[in-house]
Number of protein chains: 2
Amino acid sequence: MMQETVITNANKAYALLKADADKILKLIQVQMDNLTMPQCPLYEEVLDTHMFGLSREIDFAVRMDLIEVEEGKALLDNLEKQLNLIHEKSQQR
Amino acid sequence: MMQETVITNANKAYALLKADADKILKLIQVQMDNLTMPQCPLYEEVLDTHMFGLSREIDFAVRMDLIEVEEGKALLDNLEKQLNLIHEKSQQR
């Protein structure tokens, strides 16, 4: 029972963090599709702030022993990679 | 045992969030003491970003059922009040 709860909490934590990462990706995708201004400083600022927010969430989850350090790092790295892809695509238009 | 773990986790979560709020307060206090430039846009940006980061942590803790919505709100409100006090003091110098 105890062990199950730990696993359930870890799964929930990861699912929440993944959903938040996806939200950032979606937000940026919508901005790219509609504004087509990836050089806009406001865009950079919004993205930086959201990335910082997610990194704080992940850091908190790690300190609560809900996810592993490596899991959190992979989540952020993966998001950054996908954001770079979106950015590159928008430059090619 | 089960119930104890829940309480321990809630206490730990609150302690971590409170420590993060205190860190922001300290950061701003140091900035005020040394830079004396509360009107600087960079200062506002740094503060906003840190407040956003903390609010994301708190939101995550609420969604994980680690703290109550009201507890999280009180933490942020209290931090904001203390920041306002620091700000006012710096204006009076």
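Note on naming: letters A, B, ... go to the chains in the order of the sequence lines (proteins, then strands), and numbering restarts at 1 for each one.
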>> If the test is side-chain contact (heavy atoms from CB on, under 4.5 Å), which one of A:Leu66, A:Ile58, A:Leu54 qualifies with B:Phe60?
In response: A:Leu66
> Counting heavy atoms not belonging to A:Lys12, are there more than 12 under 6.0 Å from its NZ?
Replying inline: yes
> Between B:Arg63 and A:Asp20, is there a salt bridge with N-O shorter than 4.0 Å?
Replying inline: yes
>> Restricting to non-hydrogen atoms, name the atom on A:Met64 and the atom on B:Asn9 that form the minimum distance, rounded to 0.1 Å.
In response: CE-O, 3.3 Å
>> So, taking the atom named CG in A:Asp59 and the one named CZ in B:Arg56, what distance separates them when rounded to the nearest 0.5 Å?
In response: 14.5 Å
> If two hydrophobic side chains count as joined below 4.5 Å and joins carry through other members, does A:Ile24 share a cluster with A:Leu85?
Replying inline: no
>> Using the rule given for side chain to side chain contact (heavy atoms under 4.5 Å, CB included), can you reason through A:Phe52 versus B:His50, listing the C-alpha separation, both sets of side-chain angles and the distance that settles it, and then say yes or no?
In response: CA-CA 8 Å; A:Phe52 180 75; B:His50 278 277; 4.0 Å; yes
